[in-house]
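Encoded as structure tokens, the structure appears first; notes follow it.
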Protein chains: 2
Amino acid sequence: MHTYAFPHPAVTTDIVIFTLQDGQLKVLLIQRAHEPYKDHWSLPGGFVEIDEDLEVAALRELQEETGVTGVYLEQLYTFGQPDRDPRERVISIAYYALVPNDSLHIRADSDAKNVGWFACHQLPVLAFDHDRIIELARNRLAAKLEYSTIALQFMPAEFTLGELQKVYETILDSTLDKRNFRKRILALDCIEQTGTSRRDGKHRPARLFRRIAPGKVEFIK
Amino acid sequence: MHTYAFPHPAVTTDIVIFTLQDGQLKVLLIQRAHEPYKDHWSLPGGFVEIDEDLEVAALRELQEETGVTGVYLEQLYTFGQPDRDPRERVISIAYYALVPNDSLHIRADSDAKNVGWFACHQLPVLAFDHDRIIELARNRLAAKLEYSTIALQFMPAEFTLGELQKVYETILDSTLDKRNFRKRILALDCIEQTGTSRRDGKHRPARLFRRIAPGKVEFIK
DNA sequence: GCAAAAGTGTTCTAGGTACACCCATGT
DNA sequence: ACATGGGTGTACCTAGAACACTTTTGC
């Protein structure tokens, strides 16, 4: 037991894990096995250990649920409405992560709970205030596309310009002009040709590109 | 005493209160009366009450230290390194506030502690990680000048375009072209002439403007 | 040969930058 | 009269938007 002279809130991290699948922006959700919000879907998350850095706690959740490491992770916002959890006062530091589709190996039912990817525009009813958290994360992600190279964090080691354009179009939910897109991206000097190309379907093979600074997200303009 | 099955961190809010004085961007600091960091300067802040919303806690600190209400307040970032406070694990949700210079009445020595405004570019040695917090707040503020009307939150009810330009120049630490500045600001449709002007010194009187939507910070571009 | 995505330049437009002089007041 | 900040317009430049055809492959 742990006692304090004045009441302390519980502190958790929740993490919005984004990926792109089937041309849709998806988030990872977990079905709750217990009350409150039993059977509702919710964001992965959990209590911050007493000697654990916040970002480390978020990375731990990410690792436990997806098995991935070394992906983009950023603090989003801290949610602390007194009644957001009916059990006790819980303050949650929300993070969001971007996971390339090809590095995914969801731990299937690691502790007998359901885990799944849901398209952002058709989410189930969510536990707590997790709908607000996802909404905010989506807005932040879309905003960052405009002024940073964050979209590259969704890409595998090698990718085509067509695939990258699809990422932008999916997140921004709009179509882009191919020539303008290529001009803009190449002018950023953040990707380079591998020299190889990939045959894929009954059409001209596409040149492959790689990131110049893989882990880095740079601001542009 | 308050007892929990597993250890809980303490949660505080710290608040970076900005104002403009003498053509300088300043922040409000408080001299600590007790250990740790006794006599060091620090940000105003304190523990979040167990049933208190985070923003309400920040507003309370703001009110206690400056007496102002109804000013711009925004959550900045949450700092939670395990060793940032030597006493116990303390997670701090940092906010920043923008206070028009004319609405200031610092409570002088409300509880026998020193309070003062310090220019951002000549801060004293600060307690905890408060130097990092202020640095981040400054960057956020400067960034927001470029894509929102946040600068208006520093202005009193009526102001001249010259005064508003000075605000931009101070925060961005650069000089701006007068004609281009006026064109840009007026095109935003966020301020309007009061119809009056103000005589002030030995030169032509300046037209006065007011905000069209005083409390609102709009995104531009 | 036809369907399907890859690849490639030019023109137009709008928004941003650079720039210099007259105006109203106090001393 | 002169010093001080207030107030105004135009020319240039550059970044973003609009736009259509040829190439390479699989079937």
Side-chain angles (χ1 to χ4, degrees), chain A residues 20 22-23 142-149 151 155-156 158-210 218-221, chain B residues 20 22-23 142-143 145-149 151 155-156 158-170 172-210 218-221:
Chain A
L20 286 159
D22 315 321
K144 283 230 165 184
L145 277 204
E146 309 281 3
Y147 66 86
S148 80
T149 59
M155 306 314 289
E158 301 195 337
F159 53 92
T160 70
L161 287 178
E163 289 165 352
L164 183 58
Q165 182 172 344
K166 195 79 206 311
V167 169
Y168 276 81
E169 291 179 335
T170 301
I171 299 170
L172 297 176
D173 198 25
S174 65
T175 60
L176 301 173
D177 179 85
K178 200 194 332 181
R179 279 166 295 188
N180 292 337
F181 178 79
R182 294 159 106 88
K183 227 183 308 175
R184 185 158 62 89
I185 294 294
L186 294 173
L188 295 179
D189 255 344
C190 57
I191 61 174
E192 62 188 3
Q193 290 193 37
T194 63
T196 56
S197 50
R198 177 200 293 158
R199 276 183 307 283
D200 161 47
K202 52 172 181 172
H203 54 80
R204 180 171 175 173
R207 295 186 188 153
L208 290 171
F209 288 78
R210 73 170 73 89
E218 288 170 77
F219 292 84
I220 58 188
K221 272 187 222 172
Chain B
L20 286 159
D22 314 321
L145 277 204
E146 309 280 3
Y147 67 87
S148 80
T149 59
M155 307 313 288
E158 301 195 337
F159 54 91
T160 70
L161 287 178
E163 289 165 353
L164 183 58
Q165 183 173 344
K166 195 80 203 312
V167 169
Y168 276 82
E169 290 180 335
T170 301
L172 297 176
D173 199 25
S174 66
T175 59
L176 301 173
D177 179 85
K178 201 196 328 184
R179 280 166 297 187
N180 293 338
F181 178 79
R182 295 160 106 87
K183 226 185 308 175
R184 186 159 61 89
I185 294 293
L186 293 174
L188 296 179
D189 256 345
C190 58
I191 61 174
E192 61 187 4
Q193 290 194 38
T194 64
T196 56
S197 51
R198 178 200 293 156
R199 275 183 306 285
D200 161 49
K202 52 173 182 172
H203 55 78
R204 181 172 173 174
R207 294 185 189 155
L208 290 171
F209 289 78
R210 73 169 75 90
E218 287 169 80
F219 292 84
I220 58 188
K221 271 185 217 169

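- The distance between atom NZ of A:K221 and atom C1' of D:dT14, rounded to the nearest whole Å, is 14 Å.
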>> How would you summarise protein contacts on nucleotides 17-27 of chain D per nucleotide, using B for base, S for sugar-phosphate only and - for none, with heavy-atom distances below 4.0 Å?
In response: BBBB--BBBB-
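- Scanning DNA chain C 5' to 3' for nucleotides with an atom closer than 4.0 angstrom to a non-hydrogen atom of chain B gives a first and last hit of C:dT17 to C:dG26.
- Partners of A:R210 under the side chain to side chain contact (heavy atoms under 4.5 Å, CB included) rule, at least two apart in sequence or in another chain, are A:E192, A:T194.
- Under the rule for a side chain to side chain contact (heavy atoms under 4.5 Å, CB included), the partners of B:S197 that lie at least two apart in sequence or sit in another chain are B:P205.
- With rounding to the nearest 0.5 angstrom, the OG1 atom of A:T175 is 11.5 Å from the NZ atom of A:K166.
- B:R198 meets the side chain to side chain contact (heavy atoms under 4.5 Å, CB included) test with B:T160, B:E163, B:D200, B:L208; sequence neighbours excluded.
- Note that CG of A:L164 is 5.0 Å distant from CE of A:M155, once rounded to the nearest 0.5 Å.
- Scanning for salt bridge (Lys or Arg N to Asp or Glu O under 4.0 Å) contacts around A:E169 gives an empty result, with sequence neighbours left out.
- Residue pairs meeting the ring pair (Phe, Tyr, Trp, His ring centres under 6.0 Å) criterion with at least one partner in residues 173-194 of chain B, sequence neighbours excluded, are B:Y168-B:F181.
- Sorted by first then second residue, the salt bridge (Lys or Arg N to Asp or Glu O under 4.0 Å) pairs that include residues 170-184 of chain A, not counting sequence neighbours, number zero.
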